[in-house]
2 protein chains.
Amino acid sequence: MEMDERKLKILQAIIDDYILTGVPVGSRTISKKYDMGLSSATIRNEMSDLEELGYLDQPHVSAGRIPSAKAYRLYVDSLMRTGRIQDGSLESVSRHFTGRVRQMEDVIDHAASVISTLTKYTAVVLSPKGKQPRMQTVQLVPVSRDSALVVIVTDAGIVRDSTIRLPGEVDSDTLYAISRALTEELRGHTLEEACAILPEMSQRMQENEELLRGLYGLLNERREAPARTHVAIGGTSNMLSYPEYSDVEKARSFLSLMETRDKLASIIAGNGEMAFTVRIGPETGVPEMADCSIVTATYSTRGGQQGTIGVIGPTRMQYSRVLSILNSMGHQLTDLFNGGDERHE
Amino acid sequence: MEMDERKLKILQAIIDDYILTGVPVGSRTISKKYDMGLSSATIRNEMSDLEELGYLDQPHVSAGRIPSAKAYRLYVDSLMRTGRIQDGSLESVSRHFTGRVRQMEDVIDHAASVISTLTKYTAVVLSPKGKQPRMQTVQLVPVSRDSALVVIVTDAGIVRDSTIRLPGEVDSDTLYAISRALTEELRGHTLEEACAILPEMSQRMQENEELLRGLYGLLNERREAPARTHVAIGGTSNMLSYPEYSDVEKARSFLSLMETRDKLASIIAGNGEMAFTVRIGPETGVPEMADCSIVTATYSTRGGQQGTIGVIGPTRMQYSRVLSILNSMGHQLTDLFNGGDERHE
DNA sequence: GTTAGCACTCAACCGGCTCGAGTGCTAACC
DNA sequence: GGTTAGCACTCGAGCCGGTTGAGTGCTAAC
């Protein structure tokens, strides 16, 4: 037995209906609601075939059928009608930030919130990550009598700053002089390389040796703890509206997964190759998400870094809608992060 | 009829038991578990009195009694035995950050996570907020050919930065010169005052007028959008473990409240006067939290700013435990933010 | 004032019942 | 041969009624 045109059509109807209602769908529903000019009996025969082929599951004998992960896979890969989403709220993301000081975190948080509102699922947005950024400017700014802020601007436009203790009092002009020297030496180098250059430099500049050693310590620490990706989450409560999560224990384990951002980030991040990924149920590789699907898209920033946008929902997700929303949001974020000359940390 | 010693003792036992189990407690339980040398019948009479006094509620005739908000209030105000908490995990907060670069957000996030783990409730930590910070240093750092990062260090040790566009190419030395002038003029002034000074300054410094105008725009924007308080949340999923939230709809509305950080922040913040506050059920003033209690404590930073730590749990919360945990955490955060010379944004 | 005893209440649980949606199979139909 | 009508069968959901047990309130005795 193999798939034919009609089986596909029926399968599609079943999936559409199940995505809409979340209730196992029966033969009569299909034959009536989606007029295919076939009686329920015929549909039944076809459904039985589809089950044998592994596209449908039956919770119990006297209930309707529900699509299997295999069915969703087929649906996403070939059956799905993808339409363009027309929704003003999406465009508003860029408008929301135009002409404002944009802190990367704010943008990401807002994006997650918008996506979750639009999709009614849970949205996760990861801050960009990618190839080692190269330093462009290093500057020391006096903070208090004996400490200074180290500001590092990289080619990706990303700014990292933190404070170091000064070995005694150092005046602002001296700090500036050191900054110039540092910028000259380190420009174009990665953090990695800078850690190699600094010790040699501190030998040369005897009088500031201690300060440079402090700086070295700082960079070294940074190198080991790679730029923590910011994880924005929106709409976790949305999941509780779906009957799939009417079981409190299930909901709890889902939520608690959402709280461990590191783990969540690694799940969402996946492989950075694909523009879009759709992982259905078991494909997620996460036991807690056995009946969730994860759809991701990417966006990119000036420095060639890539960020990820993800939507987590029940397997009976409105894939086409989610995909087009993610697509649109991906473009918007990319535009936003490439367009302005504002700082994006 | 009025309260006497014995009634108090019984009430305390009831509250203790209900906090522990979450199940309405009956007269027999009290007479057996907490040996008071009284029979269940006597307890019953007393309980009936306590109900009349408004300290106990009865879900239905044949169930036990549960403490009313009034009872919890009495409990918190006078009955509660507060003990010191001995838990290594609490001390570990400071250890966790000692010798590390501490970004204020990281500290707060971690604190929320620790508190929620220890208490098994939901923890919310707000970043410090308080009197207008005064500027200490203003410095421009070149970012790209035509943009610069503005770094402002305030007396609270807080650093704020964002980018402005430069009117044409400006070399690093010029930027430094302007920075010195800015620092000189603006040191000791608030953002508010700076906005008044800048226009006059830009008239004086003809050649950099445009740059200063850009800076003015930035500060003005900052002034209007006051420093967004960072809101760290931990352990939202904990709430689902309590039978109070076995109703999914209730859980959903709670979670969705947790997602609107602004609203949450304003609920938690409350009045900044008190070192501790305990709001029980209706006292929270939030309909969604009619059967939650909120306990808050404060911590403070160098600049005299105050932050808030809050725990949200069911009304039958382990108040004494929560209070001592919050107390301890408050001290730790205060120490952390006053002790080091690292930057705290 | 305290307690034992007893009647009463009521949620929770259990088992049986019906209802209805849905299936699978078979026989008739085109 | 594919399609359809018909029918027996299955099984979850919902309802009903009985039982159980925790707990109360009241009263009478201590």
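Residues satisfying the side-chain hydrogen bond (donor to acceptor under 3.5 Å, both in side chains) criterion with Glu259(B), sequence neighbours excluded, are Thr236(A), Ser237(A). For Lys250(A), the salt bridge (charged side-chain N to carboxylate O under 4.0 Å, His left out) test picks out Asp291(A), with sequence neighbours left out. The salt bridge (charged side-chain N to carboxylate O under 4.0 Å, His left out) search around Glu244(A) returns Arg316(A), not counting sequence neighbours. A search for salt bridge (charged side-chain N to carboxylate O under 4.0 Å, His left out) contacts involving Asp35(A) returns nothing, not counting sequence neighbours. Arg28(A) meets the salt bridge (charged side-chain N to carboxylate O under 4.0 Å, His left out) test with no other residue; sequence neighbours excluded.
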message = So if I define the base as every atom that isn't primed, P, OP1 or OP2, how would nucleotides 1-8 of chain D read as a B/S/- string at a heavy-atom cutoff under 4.0 Å?
response = --SBBB--
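Note on residues 7-26 of chain A: pairs passing side chain to side chain donor-acceptor pair (under 3.5 Å), not counting sequence neighbours, are Lys7(A)-Glu46(A), Lys7(A)-Asp49(A), Asp16(A)-Tyr75(A), Asp16(A)-Arg81(A), Asp17(A)-Lys33(A), Asp17(A)-Tyr34(A). Sequence neighbours left out, the pairs with a member in residues 50-60 of chain B that pass side chain to side chain donor-acceptor pair (under 3.5 Å) are Glu51(B)-Arg65(B).
Computed from coordinates, the Met47(B) CE to dA22(D) C1' distance equals 12 Å when rounded to whole Å. dG1(C) atom C1' lies 14 Å from atom CD1 of Ile43(B), rounded to whole Å. Rounded to whole Å, atom C1' of dA22(D) lies 13 Å from atom CZ of Arg65(B). Here the C1' atom of nucleotide dT24(D) and the CD1 atom of Ile66(B) are 16 Å apart, to the nearest Å.
Contacts between residues 11-31 of chain B and DNA chain D, defined by a heavy-atom separation below 4.0 Å, involve Gly26(B), Ser27(B), listed by number. Using a 4.0 Å cut-off on heavy atoms, the residues of residues 56-63 of chain B that approach DNA chain D are Gln58(B), Val61(B), Ser62(B), Ala63(B), listed by number.
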Pairs under 3.5 angstrom, nitrogen or oxygen only, protein versus nucleotides 15-20 of chain D, please.
none

query = DNA chain D in dot-bracket, Watson-Crick or G-U pairs under 3.5 Å, [ ] crossing, | other strand?
reply = ||||||||||||||||||||||||||||||
request  = Start with the C-alpha gap between Ile267(A) and Leu257(A), add the side-chain angles, then the distance that decides, and say whether side-chain contact (heavy atoms from CB on, under 4.5 Å) holds.
outcome  = CA-CA 10 Å; Ile267(A) 292 169; Leu257(A) 177 57; 4.1 Å; yes
